Visitor: 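Supplied in structure tokens, the structure appears directly below.
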Amino acid sequence: GAVVSQHPSWVICKSGTSVKIECRSLDFQATTMFWYRQFPKQSLMLMATSNEGSKATYEQGVEKDKFLINHASLTLSTLTVTSAHPEDSSFYICSARETSGGGTGELFFGEGSRLTVL
Amino acid sequence: AQSVAQPEDQVNVAEGNPLTVKCTYSVSGNPYLFWYVQYPNRGLQFLLKYITGDNLVKGSYGFEAEFNKSQTSFHLKKPSALVSDSALYFCAVRDIGGNTPLVFGKGTRLSVIA
């Protein structure tokens, strides 16, 4: 199946700093990528839909100025957590769907990034 | 709006016994249905999907799921559970048409006991 690479896997940062997480589709093109956040023992919460070459679409309650999303190419989307605070500590997961196949295909997920803000 | 319900937080089964993880869904139109598995501190791995066609879908690692339109269900099953099947399982749905994101259930933790 298609491979989505996410980096870094683990990151620890000080409160007030910014952290960038990268999501790459390695062997396919993805015009759309999705960013999810997962709290301990909970399901995935969709944060935003990242569209190549245009602005991301954020879900209700997600601060777009805090969670900056950039989708500069068909294989790369980035999530930047700005001025991070301890409550931003979470597991962030990106996903992508192959643009071919009429959009019926499954999502392929990155391995996730564990963010800990001290 | 679309939604998914996984009524069980935890399912325990003895190794070698059949397992079922339940999922019901709600969509306005016809659904695309998926099952994913997550191991600790890892991303999600795709197991199987239902798009159209046969109601019984076979997927990875011996898992299968049956689409039941009248009951709006898509339960995950395996005839003989393995200890290595122990993980967190997510059911997901999205409407046909458009590039819409998946909506996930809350997840069901499966424990297979040797």
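Worth saying up front: this structure is predicted, and the values here are computed from it rather than measured. Sequence lines set the chain letters: A, B, ... in the order given, protein chains first and strands last, and positions in each chain run from 1.
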Visitor: In terms of heavy-atom contacts, does NE2 of A:His7 have more than 12 from other residues, nucleotides or ligands at under 6.0 Å?
Guide: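 Counting neighbours around NE2 of A:His7, 12 or fewer heavy atoms of other residues, nucleotides or ligands fall under 6.0 Å, so no.
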Visitor: Do other residues, nucleotides or ligands put more than 12 heavy atoms under 6.0 Å from A:Lys66 NZ?
Guide: yes
Visitor: Measure distances from A:Gln6 to the heavy atoms of chain B and classify the residue's part below 4.5 Å as side chain, backbone, both or neither.
Guide: neither
Visitor: Show me, pair by pair, the donor-acceptor contacts under 3.5 angstrom made by side chains of residues 107-114 of chain B, not counting sequence neighbours?
Guide:
{"unit_1": "B:Thr108", "atom_1": "OG1", "unit_2": "B:Gln6", "atom_2": "NE2", "d": "3.1"}
{"unit_1": "B:Thr108", "atom_1": "OG1", "unit_2": "B:Glu8", "atom_2": "O", "d": "2.7"}
{"unit_1": "B:Ser111", "atom_1": "OG", "unit_2": "B:Gln10", "atom_2": "NE2", "d": "2.9"}

Visitor: Determine whether B:Gln38 and A:Phe91 satisfy the following criterion, side-chain contact (heavy atoms from CB on, under 4.5 Å), listing intermediate values before the conclusion.
Guide: CA-CA 13 Å; B:Gln38 185 182 32; A:Phe91 193 54; 3.8 Å; yes
Visitor: Go through it in stages, so that I can follow the logic: the residues are B:Leu44 and A:Leu44, the test is side-chain contact (heavy atoms from CB on, under 4.5 Å), and I'd like the CA-CA distance, side-chain angles, deciding distance and then a yes or no.
Guide: CA-CA 10 Å; B:Leu44 273 68; A:Leu44 282 73; 4.0 Å; yes
Visitor: Between B:Phe90 and chain A, with a heavy-atom cut-off of 4.5 Å, which part of the residue counts as in contact: side chain, backbone, both or neither?
Guide: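 Contact with chain A involves the side chain of B:Phe90 alone.
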Visitor: Counting only heavy atoms from other residues, nucleotides and ligands, does the tally under 6.0 Å from NZ of A:Lys20 exceed 12?
Guide: no
